Amino acid sequence: MSDSNASPAVPPRIVVVGGGAGGLELATRLGRKLGRKGKARITLVDANMTHIWKPLLHEVAAGSLNSTEDELNYVAQGKWNHFNFQLGAMTSLDRERRTIQLAAIHDENGDELIAPRELDYDYLVISVGSTTNDFNTPGAAEHCLFLDTRAQAERFHRSLLNQYMKAQASERGTTREPINVAIIGAGATGVELSAELHHAAQMLRAYGFNRISPEDLNINIIEASPRLLPALPERISGPVTEILRDLGVHLHTGSPVKEVKADRLVLGNGEEIPASLKVWAAGIRAPAFLATLGMPTNRINQLEVDRTLKVNGEERIYAFGDCAACPTDEPGKFVPPRAQAAHQQASLLAKNLCRLLEGKPQSEYTYRDYGSLISLSSFSAVGNLMGNLTGNVMLEGRLARMFYVSLYRMHQMALYGVPRTLMLMLSDQFGRPTEPRLKLH
């Protein structure tokens, strides 16, 4: 055991803060490898009781996915995989005493349930993900919705349904006002949300919300870059642009949002876009509290780490995923904030922590881009796969959609194992046909 200060009878304490895709996969792997055998005490910390895969939140917002059916309970996952769970949000860090501080827990009435408390660690892993970056645009925080959490996605869905119900209850013969939706940011989230909303409009009409036609849901995407999906290859962006235009989505590229008002957006070029529902989906930044911990961070609050994912200047603290700035082979370049990177890093870090406790050297992380897939709801999917066997292969349509769904199944396999994931797939096939195709509440 590498921790010479600990008693040989006491296993080292590994604390993982953040139960997103990467943090939960890491805690699960460590629980199976170390916790089950008593070689370490693994604790996962998160501010919520349940986990939902973040790339699904645009489906929750549109109502295509009922979040209660795809969420995972941390307590149950810990029991099944030999780790402990602590509910709470990390607020500060004492590196000398090796403790983290957790905020108090309050009930729905604001009454304190659990007082602020400390949690000891021998090795700390921070994987708190990222939040949307509104770049301090005037009015954005006051008038925009965000899709960083399940609660935010469900809030957007309720707002959308409320507008439909209001229109449905209006007197016949009155002029129907269109529902104007503005999505700021044409990355994967914004593009996929626009297609899901178009699908939702069709489903709402089919379920009897006939006072507003699908054409009266005006969906606008605003992107400061010259094209959609600026972080992905142009040969993916091109087909996606054509499909969205065919669906009637209004695309505004080449001008950033200058100001957000209660009923509209003002762009940098002077154009104004009416919008009663506004979603900010452009840019990311790590949680602000990371910049207060006394460790090196960059301008968007990401912790600076080396290639082993250890925070620069620290021996017992690691960080990975969206909240970490990990260098790549190219000087000045960093690992992109993508789900596949967090998955790769979780796998490597699980091996490195096991090697660390055995006194073996740690491996360095090398980012491998296996391609990008964009889902356009039931209409299509577009992307490319990259690998040693496939090279660089463009996909579109049903085949691309199949590969897109497989990404979520891979995440489930990392958490549940193959047998349980197969059972979930069967449950989806037999259970979903008995439910509405759109969440209506």
Side-chain angles (χ1 to χ4, degrees), residues 54-55 57-58 60-62 128-160 162-163 178-197 217-232 237 240-241 244 249-292 297-302 322-323 325 334 336-338 374:
K54 194 171 182 179
L57 288 179
H58 71 280
V60 176
V128 292
S130 63
T131 59
T132 304
N133 189 352
D134 63 15
F135 306 102
N136 297 317
T137 303
E142 294 82 4
H143 302 300
C144 287
L145 297 172
F146 301 87
L147 297 182
D148 295 322
T149 66
R150 167 187 161 183
Q152 291 174 337
E154 290 178 339
R155 180 185 172 193
F156 176 89
H157 180 61
R158 289 193 300 271
S159 299
L160 178 65
N162 287 344
Q163 297 214 19
I179 298 177
N180 297 307
V181 179
I183 302 170
I184 301 99
T189 298
V191 164
E192 292 178 339
L193 176 61
S194 69
E196 288 292 346
L197 287 175
L217 180 65
N218 293 329
I219 304 169
N220 296 272
I221 295 181
I222 299 91
E223 170 57 48
S225 301
R227 63 179 176 90
L228 305 188
L229 301 169
L232 300 184
S237 173
V240 169
T241 300
L244 291 184
V249 177
H250 307 291
L251 309 179
H252 310 263
T253 58
S255 184
V257 174
K258 180 180 179 181
E259 184 180 1
V260 181
K261 297 188 176 182
D263 60 348
R264 64 190 186 279
L265 304 178
V266 180
L267 306 190
N269 59 9
E271 181 183 2
E272 295 193 1
I273 301 173
S276 55
L277 275 175
K278 297 167 284 294
V279 181
W280 195 285
I284 68 148
R285 60 185 170 195
F289 84 92
L290 295 178
T292 70
T297 56
N298 62 12
R299 60 181 178 81
I300 57 171
N301 305 326
Q302 290 176 313
D322 288 6
C323 72
F334 295 88
R338 303 179 66 185
I374 301 297

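Quantities reported herein were computed from a predicted structural model and do not represent experimental measurements. Excluded from the calculations below are hydrogen atoms, water molecules and symmetry mates; all remaining heavy atoms, backbone and side chain alike, are included.
One finds the OG1 atom of Thr241 at 7.0 Å from the CG atom of Leu229 (value rounded to the nearest 0.5 Å). The distance from atom OG1 of Thr189 to atom NZ of Lys54, rounded to the nearest 0.5 Å, is 8.0 Å. Rounded to the nearest 0.5 angstrom, Asn218 CG and His250 NE2 are separated by 4.5 Å.
The closest donor-acceptor contact from the side chain of Ser237 to the backbone of Leu228 lies under 3.5 Å. Between the side chain of Glu192 and the backbone N or O of Ile374, no donor-acceptor pair lies under 3.5 Å. Judged purely by atom type and a 3.5 angstrom limit, Asn220 has no side-chain atom pairing as donor or acceptor with the backbone of Ala182. The closest donor-acceptor contact from the side chain of Glu223 to the backbone of Ala186 lies under 3.5 Å.
Counting all heavy atoms, side chain and backbone alike, Cys323 lies closest to Gly129 at CB-O, 3.3 Å. The minimum heavy-atom distance linking Ala153 with Leu147 is given by the pair CA-CD2, 3.7 Å. The two residues Ala288 and Asn301 have their closest heavy-atom pair at CA-ND2, 3.6 Å.
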* Check step by step if side-chain hydrogen bond (donor to acceptor under 3.5 Å, both in side chains) holds for Ser255 and Glu271. => CA-CA 9 Å; Ser255 184; Glu271 181 183 2; over 6 Å; no
* Output, in order, the C-alpha distance, side-chain angles, deciding distance and verdict of side chain to side chain contact (heavy atoms under 4.5 Å, CB included) for Glu154 and Val60. => CA-CA 6 Å; Glu154 290 178 339; Val60 176; 3.8 Å; yes
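Of the residues listed (Leu267, Val266, Asp134), the one engaging Val257 in a side-chain contact (heavy atoms from CB on, under 4.5 Å) is Leu267, and it is the only one. No option in Lys261, Arg264, Lys258 other than Arg264 meets the salt bridge (charged side-chain N to carboxylate O under 4.0 Å, His left out) test with Glu272.
The shortest distance between side-chain heavy atoms of Trp280 and Thr137 falls below 4.5 Å. The shortest side-chain heavy-atom distance between Leu160 and Leu197 falls under the 4.5 Å cut-off. A 4.5 Å side-chain heavy-atom check between Phe146 and Thr131 finds every atom pair outside the cut-off.
More than 12 heavy-atom neighbours from other residues, nucleotides or ligands sit within 6.0 angstrom of CZ on Arg227.
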